[in-house]
J.: 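Here it is: the structure, laid out below.
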Number of protein chains: 2
Amino acid sequence: MRDFEVALKAAGDPTRTRVLKLLESGELCVCQIQGILGLAPSTVSKHLAVLKAAGFVDDRREGKWIYYTLAPASRNPHVLGVRALLGGPLDRDRTILGDRRRLRALLRVPLAEICDLISARTLARPLTRRPPAERRS
Amino acid sequence: MRDFEVALKAAGDPTRTRVLKLLESGELCVCQIQGILGLAPSTVSKHLAVLKAAGFVDDRREGKWIYYTLAPASRNPHVLGVRALLGGPLDRDRTILGDRRRLRALLRVPLAEICDLISARTLARPLTRRPPAERRS
DNA sequence: CGTACATTTCGTCATCGGGCGAAATGTAGG
DNA sequence: CCTACATTTCGCCCGATGACGAAATGTACG
């Protein structure tokens with residue numbers, strides 16, 4: 001049951017769902033993912049660690065960059081099934097489509113220049129917030 | 001994406017996973033579920049409300065009792081897929097098997113007597129705790 | 001070596017989520 | 001009506017989680 005919980009909680013966070021959908025296009029390095037999500041590098045790293053611990057992704061170091069990819073096989077028996085769920089109505093989701101569009105643009109930029117773009121906040125756009133102004137005071 | 005998140009978070013909690021697996025045996029009233037989970041009625045009610053809001057279950061009132069059942073159809077397009085995940089390795093899970101065993105015993109008890117049994121804590125056995133934290137008793 | 005840079009780890013903060021008990025709600029039966 | 005009882009709602013506590021920035025790590029390159 002623990003594996004089931006871990007798999008569903010890993011994929012059930014909207015940010016991590018976006019990452020999994022991004023990785024369907026092939027392996028990406030952290031800074032590319034960060035550029036699309038528009039989050040702090042430490043935050044992105046943590047999400048990737050959660051996905052890795054759950055068995056969704058593998059990482060691979062290449063020089064300064066670390067590439068993440070969807071794990072072709074997982075020791076968590078539930079991961080495969082959860083991955084299958086990602087192929088449904090999610091492919092028509094606005095955020096997912098926007099991420100894919102920005103990914104296409106980003107893939108045209110040489111890797112070495114991406115992090116400069118990130119700091120300029122050119123491509124990053126935050127996830128549409130659910131309660132836009134509902135803050136308690 | 002919201003529907004996806006809601007569905008995975010609803011099913012990803014171990015207590016709610018147990019409830020979903022219990023309901024595979026057919027509809028159950030709250031006090032029966034409570035008897036198996038060994039949790040406070042308010043807690044059970046809240047979990048059922050989450051499952052209902054996510055589109056996993058329907059409820060039906062009959063006299064004093066409220067019966068919950070797996071929803072034959074859901075407005076949440078992801079629920080069906082998540083439900084399919086419950087049929088995997090989870091059927092060999094110790095907790096799930098124990099729940100089923102206690103359910104069989106419980107189904108032999110007349111509904112009117114169940115709540116007395118509950119208060120006597122005869123059947124209830126808590127989910128094996130991950131950190132055996134100190135609870136007041 | 002030392003610098004530059006991508007990534008992770010750590011510490012902190014605010015919010016979320018699950019647990020409970022008490023009170024409210026709703027229904028059957030006297 | 002009033003009581004009994006199943007269930008839900010509410011308020012609270014506390015541990016888990018996601019966000020960030022700062023510091024640590026690891027790698028390439030001069």
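Every chain is numbered from 1, with letters handed out A, B, ... down the list of sequences.
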J.: Scan nucleotides 25-30 of chain D nucleotide by nucleotide, 5' to 3', and note B when protein non-hydrogen atoms come under 4.0 Å of the base, S if they reach only the sugar-phosphate, - if neither.
T.: -SBS--
J.: Which pairs pass salt bridge (Lys or Arg N to Asp or Glu O under 4.0 Å) with one or both residues in residues 28-44 of chain A, sequence neighbours excluded?
T.: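 Found none.
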J.: Tell me every residue that passes ring pair (Phe, Tyr, Trp, His ring centres under 6.0 Å) with B:Phe56, counting only those two or more places apart in sequence or in another chain.
T.: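 Not a single residue meets the ring pair (Phe, Tyr, Trp, His ring centres under 6.0 Å) criterion with B:Phe56.
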J.: Could I get the full list of side-chain hydrogen bond (donor to acceptor under 3.5 Å, both in side chains) partners for B:Arg16, not counting sequence neighbours?
T.: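 With sequence neighbours excluded, B:Arg16 shows a side-chain hydrogen bond (donor to acceptor under 3.5 Å, both in side chains) to B:His47, given in chain and number order.
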J.: For residues 8-42 of chain A, pull every pair meeting ring-ring contact (aromatic ring centres under 6.0 Å, His included), keeping only residues two or more places apart or in separate chains.
T.: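 Listed once each, the pairs would be none.
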J.: Can you sort out the partners of A:Phe4 under ring pair (Phe, Tyr, Trp, His ring centres under 6.0 Å), two or more places apart, ordered by chain and number?
T.: A:His78
J.: State which of C:dT7, D:dA19, C:dG19 makes the closest approach to the side chain of A:Cys29.
T.: C:dT7
J.: Taking the side chain as C-beta and beyond, is there a heavy-atom pair between A:Val19 and A:Leu23 under 4.5 Å?
T.: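 Yes, close enough: below the 4.5 Å cut-off.
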J.: Tell me which nucleotide among D:dC20, C:dT7, C:dG18 gets nearest to the side chain of B:His47.
T.: C:dG18
J.: Which pairs count as ring-ring contact (aromatic ring centres under 6.0 Å, His included) when at least one residue sits in residues 18-45 of chain B, sequence neighbours excluded?
T.: none
J.: Enumerate the residue pairs fulfilling salt bridge (Lys or Arg N to Asp or Glu O under 4.0 Å) with a member in residues 37-55 of chain A, sequence neighbours excluded, ordered by first and then second residue.
T.: A:Lys52-A:Asp59
J.: Output a table of nitrogen or oxygen pairs between the protein and nucleotides 8-11 of chain C separated by less than 3.5 Å.
T.:
residue, atom, partner, partner atom, Å
C:dT8, OP1, A:Tyr68, OH, 2.5
C:dT8, OP2, A:Ser45, OG, 2.7
C:dT8, O5', A:Ser45, OG, 3.1

